[in-house]
K.L.:
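Take a look at this one; I'll ask things after.
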Amino acid sequence: MTSQAHQPTVLRSLHLFADGAYDRLQLMDKAAYLEFVVEIIRRRNGAKGFEVLSRRWVVERTFGWMTRWRRLVRDYERRIDVSQAMIFVAMGANLIRRNAHP
């Protein structure tokens with residue numbers, strides 16, 4: 001029997017940022033079920049032209065990191081689980097590279 005002290009701790013990011021295109025009821029219901037907080041980044045009403053949005057750089061930076069992988073530039077995969085695995089591989093390699101070369 002193992003005690004609670006020997007159980008591995010799982011860290012989860014509970015706060016997600018998303019573009020206004022992801023503001024859908026199904027996404028919000030799923031996020032609430034998984035105990036995530038989704039913050040939708042929107043432009044102001046009546047804004048014209050380019051506008052700097054707070055925290056939007058987080059989304060754009062993550063997409064930039066993922067497009068360094070050739071298989072993630074286009075939607076080549078036919079199965080969603082393979083596509084998800086490629087995203088995990090790309091982001092895992094990014095974390096390893098950043099930890100190895102601080």
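The shown structure was predicted, so the numbers you read here are calculated from the model rather than taken from an experiment.
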K.L.:
Which atom pair, heavy atoms only, marks the closest approach of M28 to I40?
P.N.:
CE-CD1, 3.4 Å

K.L.:
Out of curiosity, does W69 fall in the hydrophobic cluster containing V82 (side-chain heavy atoms, cut-off under 4.5 Å, transitive links)?
P.N.:
no

K.L.:
Name the residue from N94, I96, L95 that meets the side chain to side chain contact (heavy atoms under 4.5 Å, CB included) definition with R98.
P.N.:
N94

K.L.:
Of all heavy-atom pairs between I87 and M66, which one has the smallest distance, and what is that distance?
P.N.:
CG2-SD, 3.8 Å

K.L.:
Between atom CG of L27 and atom CG of L16, what is the distance when rounded to the nearest 0.5 Å?
P.N.:
8.5 Å

K.L.:
If hydrophobic clusters are built by linking Ile, Leu, Val, Met, Phe, Trp and Tyr wherever their side-chain heavy atoms come under 4.5 Å apart, do Y33 and V38 end up in the same one?
P.N.:
yes

K.L.:
A quick test of your reading: do over 12 heavy atoms of other residues, nucleotides or ligands sit less than 6.0 Å from CZ of R61?
P.N.:
yes

